[in-house]
Amino acid sequence: MGFKPCAAAGCGKLLPSGQTYCDKHRKAKAKQANEGRESAHQRGYTSRWQKARAGFLQSHPLCVHCQQEGVIMEATVVDHIVPHKGDKTLFWNRDNWQPLCKKHHDRKTATEDGGFGR
C-alpha cells in the first residue's frame with residue numbers, strides 16, 4: 001500500500017493511497033461545502049418529515065441495498081431515490097423513498113454529490 005501527502009496546501013501529512021485529505025482538512029472541506037446551504041429544516045426535514053420517516057421505516061425495516069447483496073441489515077435512513085433538490089412534490093413522493101442503512105446512504109450520497117462537493 002502506498003502513501004501520499006494530504007492535498008491541503010502546506011499540510012504534508014502522509015495518507016494511505018485513495019485518501020485525498022487528512023481528517024482535519026476533510027472536515028474543513030465538508031464545512032466549506034455546507035456554507036450557504038439551507039438548514040435541514042429549510043430543506044423540508046421538519047417534524048412532519050420525522051413522523052413520515054418513522055412510519056416508513058417501521059413499514060420498511062430493511063436496507064434494500066443490503067438485501068440485494070444477500071445481507072439482512074436494519075434500515076436507518078429514508079433515502080430519496082431521485083434527489084429532490086428542493087422540489088417538494090418529489091420530496092414527499094413516497095414512490096421516491098427507499099430504506100437504506102447508513103453505509104449505503106453515505107455511499108449513494110457521496111456518489112451523487114461528488115463527495116463533499118454538494
Problem - Which residues share a salt bridge (Lys or Arg N to Asp or Glu O under 4.0 Å) with Lys102, sequence neighbours left out - result: Asp106
Completion exercise
Pro99 and Leu62 have their tightest heavy-atom pair at CG-O, 3.4 Å
Exercise for the section: Determine whether more than 12 heavy atoms belonging to other residues, nucleotides or ligands lie under 6.0 Å from atom NZ of Lys24. Expected result: no
Completion exercise
d(Ile81 CD1, Lys108 NZ) to nearest 0.5 Å is 7.5 Å
Fill in the blank from the handout: Residue set satisfying side-chain contact (heavy atoms from CB on, under 4.5 Å) with Leu90, at least two apart, ordered chain then number -> Val82, His84, Asp87, Asn96
Practice task
First locate atom OG1 of Thr109, then atom CG of Asp79, and finally report the distance between them rounded to the nearest 0.5 Å.
Solution key: 6.0 Å
Exercise for the section: Measure the SG-CD distance between Cys63 and Gln98 for me, rounded to the nearest 0.5 Å. Expected result: 8.0 Å
Problem - Distance (rounded to the nearest 0.5 Å) between Leu14 CG and Lys4 NZ - result: 11.5 Å
Exercise for the section: Just jot down the side chain to side chain donor-acceptor pair (under 3.5 Å) partners of Asp23, sequence neighbours excluded, or say none. Expected result: Arg26
Practice task
Name all residues meeting the side-chain contact (heavy atoms from CB on, under 4.5 Å) criterion together with Val78; count only those two or more places apart in sequence or in a different chain, and write none if there are none.
Solution key: Trp49, Arg53, Phe56, Leu57, Trp97
Completion exercise
Here the gap from His105 atom NE2 to His65 atom NE2, rounded to the nearest 0.5 Å, amounts to 10.0 Å
Exercise for the section: May I ask you to test the Glu69-His104 pair for a side-chain heavy-atom distance under 4.5 Å? Expected result: yes
Practice task
Please write out which residues are connected to Tyr21 in a hydrophobic cluster, directly or through intermediates, given that two of Ile, Leu, Val, Met, Phe, Trp, Tyr count as joined at side-chain heavy-atom separations below 4.5 angstrom.
Solution key: none
Fill in the blank from the handout: Between Glu112 and Pro83 the two heavy atoms that sit nearest each other are OE1-CG, 3.5 Å
Exercise for the section: Under 4.5 Å between side-chain heavy atoms, chaining through other members, with only Ile, Leu, Val, Met, Phe, Trp and Tyr counted: pull out the rest of the cluster around Val77, sorted by chain and number. Expected result: none
